[in-house]
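In what follows, chains carry the letters A, B, and so on, assigned in the order in which the sequence lines appear, proteins first and then strands, with residues in each chain numbered from 1. The basis for the numbers below is simple: all heavy atoms, side chains too, and nothing from hydrogens, waters or symmetry mates.
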There are 2 protein chains.
Amino acid sequence: MDFQPLGLATDLVILTVRDGALQVLLIRRGIAPYKGRWALPGGFVRPAEDLETTARRELTEETGLAAAGLHLEQVATYGAPDRDPRGRVVSVAYLALVPDLPAPVAGTDAESARWVAAPDLLADPARLAFDHHRILTDAVERARAKLEYSPLAAAFCPPEFTISELRTIYEAVWGAPLDPRNFHRKVTKTPGFVDPIGATTTRDGGRPAQLFRRGTAPTLHPPMTRG
Amino acid sequence: MDFQPLGLATDLVILTVRDGALQVLLIRRGIAPYKGRWALPGGFVRPAEDLETTARRELTEETGLAAAGLHLEQVATYGAPDRDPRGRVVSVAYLALVPDLPAPVAGTDAESARWVAAPDLLADPARLAFDHHRILTDAVERARAKLEYSPLAAAFCPPEFTISELRTIYEAVWGAPLDPRNFHRKVTKTPGFVDPIGATTTRDGGRPAQLFRRGTAPTLHPPMTRG
DNA sequence: TCAAAAGTGTTGACTCTACACCCATGT
DNA sequence: ACATGGGTGTAGAGTCAACACTTTTGA
């Protein structure tokens, strides 16, 4: 057996859409290394703790969110020997999609936590600690791809939402405007994407809009098309 | 810091298409645990060794293949606390796509190595050691999805191949027949999928077929469509 | 009455599928 | 000649983007 001195961690890319923009939850590191720098939330896996359990625990600690029921998926594992100055640390990155929620709370290892616009971060590879820019890049690309062929955009929405609220999610994540009329038709005609609940709302102004819940289909046929 | 007693390994799902069927390279374990059982090839990450380097090293050791240039990608990481009876072992699974090649050689920890038809393995969750059935399931699904939107099917082919050889790859991986005429048109009209080299072959019988090399496009527009 | 957003209809361009048909070779 | 697989043409169905137009509310 080869049990080496090695740290195993998870890092979280927690995405939301606020004010029409894709945002990532970052913490400012309170301890070395990279003290004072912005980084993805994350932490070490405890003995006998499953990887996804670690990720859900970290998510709750960093955001105060009840981790039950929200979307969490593994993105990739990063294990370059020199990625952490403390020694060999291998990190499993998870992607979480959350609806727009109250401001995050600072945790134990973090001086502060805040939402940061994803495009700004992606444009500057040096703003994040460790190899977190690469992790973020991979996770955002995963999220963009997932919106095409899965109904996961609804994970960014509250339980009941309108079609145009769903459309703003796509526009924020893909960074391009979509035709509201064609979008409406496509979403409502794709089996299992959204289910009407029979009520309406005028919270977006104008004519009352139908409210929908997330449907049950695991994949979209046909997929949504990006630019 | 939390450096725990923990093993870090990579497991390899090495796929090829032989005799019109998708096949996986398995080894028969020569040591405990699961001695004598069939398993995916893999091994522990060495100190200061990158994860992908480990995967390429294992691939060469198990198959005798020159690992340079062939397709290798990370699938997922498996870390359930009880997945290995020896203790906590976290394994990063990699997917490799290789052309049909000479028979594999047995390695150090393996009594023997052989190709096994993937559908048989997928149908029986108990034939493989550890959680390797789940790893195999995830990897094969990844391969199937990749064929849709990437030109990776060519990674199963020799450097120069005909369109119908490429078609047999799709048919083997997807498990469904495709129309040879429409397939030909679609492949040759998708920019960057395949490049004609200007020579022909009659090795498949009938009228001479154009030979192609893999193109440079990273993704296919439009994608190939599964059933 | 007007602005704003929801939702429907329509049209022309494009794409896909199924299959008829011709082509170039080996035997 | 004929079997075998390579490759092109084409008609009908379906899909998609663009945009005109109607509907229903709040102000």
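Annotation for A:Arg134: atom CZ does not count as buried by contact number, only 12 or fewer foreign heavy atoms lying within 6.0 Å.
Atom CE of B:Met224 is separated from atom P of C:dT15 by 15 Å (rounded to the nearest Å).
We find that A:Asp204 and A:Arg167 are not joined by a salt bridge, their nearest charged nitrogen and carboxylate oxygen being 4.0 Å or further apart.
Looking at heavy atoms from C-beta onward, B:Leu122 lies in side-chain contact with B:Thr137 at the 4.5 angstrom threshold.
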Donor-acceptor pairs under 3.5 Å, side chain of residues 144-154 of chain B to any protein atom, not counting sequence neighbours: which ones?
from, atom 1, to, atom 2, distance (Å)
B:Arg144, NE, B:Val173, O, 2.8
B:Lys146, NZ, B:Glu73, OE1, 3.3
B:Glu148, OE2, B:Arg226, NE, 2.7
B:Glu148, OE2, B:Arg226, NH2, 2.9
B:Ser150, OG, B:Lys146, O, 2.8
B:Ser150, OG, B:Leu152, N, 3.2

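DNA chain D lies under 4.0 Å from at least one heavy atom of each of the following residues of residues 145-165 of chain B: B:Ser164.
When all heavy atoms of B:Ala93 and B:Ile135 are compared, the closest pair comes out as CB-CG2, 3.6 Å. Across every non-hydrogen atom of A:Val17 and A:Ala172, the tightest pair is CG1-CB, 3.7 Å.
Boundaries of the chain B contact region on DNA chain D are D:dT4 to D:dT10, first to last in 5' to 3' order (nucleotide atom under 4.0 Å from a heavy atom).
Judged as a side chain to side chain contact (heavy atoms under 4.5 Å, CB included), and not counting sequence neighbours, B:Asp195 has no contacts. Partners of A:Phe183 under the ring-ring contact (aromatic ring centres under 6.0 Å, His included) rule, at least two apart in sequence or in another chain, are A:Tyr170.
A donor-acceptor contact under 3.5 angstrom links the side chains of A:Asp138 and A:Tyr78, judged on distance only.
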- Message: How would you summarise protein contacts on nucleotides 17-27 of chain C per nucleotide, using B for base, S for sugar-phosphate only and - for none, with heavy-atom distances below 4.0 Å?
- Response: BBBBB-BBB--
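With B:Asn182 as the partner, the side-chain hydrogen bond (donor to acceptor under 3.5 Å, both in side chains) test is satisfied by one option alone out of B:Lys186, B:Arg185, B:His184: B:Arg185.
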